[in-house]
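Below is one structure; the comments refer to it alone.
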Amino acid sequence: MHGVGVATEEILTNYFQVTKIGDLIHINPLEIEKQLGKYGLVLSNHATGFGADEIDLKRNLSKSISNERTLYQPTSDIEEIEATIRQLTHAITIKLNEENLQAKTMGVILKYRWENDQKVAFDKRIHLKHKRKQTTLSYLTDNYETICTHILECFDNLYQNGKSVALIGVFVSNLHPSYHYKQLDLEDLQNEFIAPHHPEVDQVIQEINFKLKKKKMFYASNLKKSKTND
């Protein structure tokens with residue numbers, strides 16, 4: 001049942017012998033409230049189908065977008081982990097473009113493989129806990145390079161060297177509609193341009209390639225590389 005974690009499960013099992021959602025129906029909601037507070041009433045109402053949630057038929061903007069992958073074989077290979085982060089981030093930026101959104105906050109989620117070197121008892125609340133690191137920018141972006149760079153920085157700050165990672169996740173949040181389109185000023189662009197890339201040019205290239213659903217536009221400096229790959 002959504003919202004029932006390890007600690008809540010223990011209370012429901014030990015105090016009320018609840019093992020299934022249907023068991024909650026037969027328990028006095030006031031008794032559940034004594035043990036779990038107001039959240040106990042929420043669980044009881046959910047089990048019986050009662051609720052006061054309002055349905056908004058208007059289009060709701062996503063509050064966050066995430067993407068994660070459980071590794072078939074846990075790894076401590078930094079290059080492999082970073083490659084996975086790039087793949088997951090790429091999927092997120094495509095989703096941002098599809099929903100016409102930009103993000104200010106982005107980060108990474110890791111879950112390490114449980115290693116019982118010290119012969120301690122297994123505890124899901126400790127050993128299966130996800131580790132998270134995020135950063136918030138002063139501006140909105142849906143640019144892949146920008147988002148990926150900051151997520152990789154979060155990974156560098158979060159990762160414990162040598163530990164095998166079992167799950168990798170990336171996310172963006174603090175989302176807003178994308179109303180940033182504007183005509184580039186070539187004179188300003190020339191004054192600010194630092195070879196070989198410029199954020200505003202990167203943005204235009206990304207948007208055009210996204211609409212074409214193929215990498216048709218790129219920097220001239222990448223022309224030789226592109227021909228070699230083709």
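Here the structure is a predicted model, which is why all the values come from computation and not from measurement.
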(request) Decide yes or no for His90 and Tyr144: does some side-chain heavy atom of the first lie under 4.5 Å from some side-chain heavy atom of the second? (result) yes

(message) So Phe171 and Arg132, do their side chains get closer than 4.5 Å, heavy atoms only?
(response) yes

(message) So, taking the atom named OG1 in Thr135 and the one named NZ in Lys133, what distance separates them when rounded to the nearest 0.5 Å?
(response) 8.0 Å

(message) Atom NZ of residue position Lys104 - does it have more than 12 heavy atoms of other residues, nucleotides or ligands inside 6.0 Å?
(response) yes

(request) Determine, step by step, whether Arg113 and Gln73 satisfy the side-chain contact (heavy atoms from CB on, under 4.5 Å) criterion, reporting the C-alpha distance in whole Å, the side-chain angles of both residues, the deciding distance to 0.1 Å, and the verdict. (result) CA-CA 10 Å; Arg113 180 177 65 180; Gln73 180 65 44; 4.3 Å; yes

(message) Let's go through Leu110 and Phe155 carefully: what are the C-alpha distance in whole Å and the side-chain angles of both, what is the deciding distance for side-chain contact (heavy atoms from CB on, under 4.5 Å) to 0.1 Å, and is it a yes or a no?
(response) CA-CA 8 Å; Leu110 299 177; Phe155 166 71; 3.9 Å; yes

(request) Find out whether Ile85 and Leu152 are in side-chain contact, i.e. whether some heavy atom of one side chain is under 4.5 Å from a heavy atom of the other. (result) yes

(message) In this structure, would Ile147 and Leu158 fall into the same cluster of hydrophobic residues linked by side-chain contacts under 4.5 Å?
(response) yes

(message) For residues Met106 and Tyr139: do they belong to one hydrophobic cluster (side chain heavy atoms under 4.5 Å, members Ile, Leu, Val, Met, Phe, Trp, Tyr)?
(response) yes

(request) Please check if Leu41 and Leu36 belong to a single hydrophobic cluster, counting links between Ile, Leu, Val, Met, Phe, Trp and Tyr side chain heavy atoms closer than 4.5 Å. (result) no

(message) If I compare all heavy atoms of Asp142 with all of Leu101, which pair ends up nearest, and what's the gap?
(response) CB-O, 3.5 Å

(message) I need the minimum non-hydrogen distance between Tyr159 and Tyr112, along with the two atoms involved.
(response) CA-OH, 3.5 Å

(request) With the side chain counted from C-beta on, respond yes when Leu24 and Leu12 share a heavy-atom pair under 4.5 Å apart, and no when they do not. (result) yes

(request) Go through the side-chain N and O atoms of Thr136 and Thr105 and say whether any donor and acceptor fall under 3.5 Å apart. (result) yes

(message) Under 4.5 Å between side-chain heavy atoms, counting indirect links through other Ile/Leu/Val/Met/Phe/Trp/Tyr residues: same cluster for Ile78 and Leu88 or not?
(response) yes

(request) Report yes if some heavy atom in the side chain of Ile27 is under 4.5 Å from a heavy atom in the side chain of Asp23; otherwise report no. (result) no

(message) Does any part of the side chain of Thr146, heavy atoms only, come nearer than 4.5 Å to the side chain of Leu137, both counted from C-beta?
(response) yes

(request) Please examine the side chains of Leu71 and Ile168, heavy atoms only from C-beta on, and report whether any two atoms are closer than 4.5 Å. (result) yes

(message) Nearest 0.5 angstrom please: Ser66 OG to Ile109 CD1, how far?
(response) 6.5 Å

(message) Quick check: closest heavy atoms across Phe16 and Gln35, and the distance to 0.1 Å?
(response) CZ-CG, 3.7 Å

(request) State, to 0.1 Å, how close Ala103 and Val172 come at their nearest heavy-atom pair, and which atoms those are. (result) CB-CB, 3.8 Å

(message) For Asn97 and Thr93, which I'm curious about, is there any donor-acceptor pair between the side chains at under 3.5 Å?
(response) no

(request) With rounding to the nearest 0.5 Å, note down the distance linking CG in Asn100 to NE2 in His176. (result) 13.5 Å

(message) To the closest 0.5 Å, what do you measure between NZ (Lys34) and CG (Asn28)?
(response) 8.0 Å

(message) For Gly162 versus Ser76, what's the shortest heavy-atom pair and its separation?
(response) O-CB, 3.9 Å

(message) Let me confirm one number: the SG-CD distance from Cys154 to Gln134, rounded to the nearest 0.5 Å.
(response) 7.5 Å

(request) Give a yes or no on whether Val165 and Leu167 share a hydrophobic cluster (residues Ile, Leu, Val, Met, Phe, Trp, Tyr; joining criterion: side-chain heavy atoms under 4.5 Å apart). (result) no

(message) Is there a side-chain contact (heavy atoms from CB on, under 4.5 Å) between Arg86 and Glu82? Walk through the geometry before answering.
(response) CA-CA 6 Å; Arg86 291 189 180 93; Glu82 290 184 345; 3.7 Å; yes

(request) Quick one: pull up CD1 in Ile92 and CD1 in Ile151 and give me the separation to the nearest 0.5 Å. (result) 5.5 Å

(request) Start with the C-alpha gap between Gln87 and Arg69, add the side-chain angles, then the distance that decides, and say whether side-chain contact (heavy atoms from CB on, under 4.5 Å) holds. (result) CA-CA 10 Å; Gln87 293 173 5; Arg69 180 178 302 168; 2.9 Å; yes

(message) So which atom in Pro74 and which in Ser164 form the shortest heavy-atom distance, rounded to 0.1 Å?
(response) CB-CB, 4.1 Å

(message) Please check: side-chain N/O of Thr13 versus main-chain N/O of Glu9, any donor-acceptor pairing under 3.5 Å?
(response) yes

(request) Evaluate the side-chain proximity of Leu175 to Leu96: yes if any heavy-atom separation is below 4.5 Å, no if none is. (result) yes

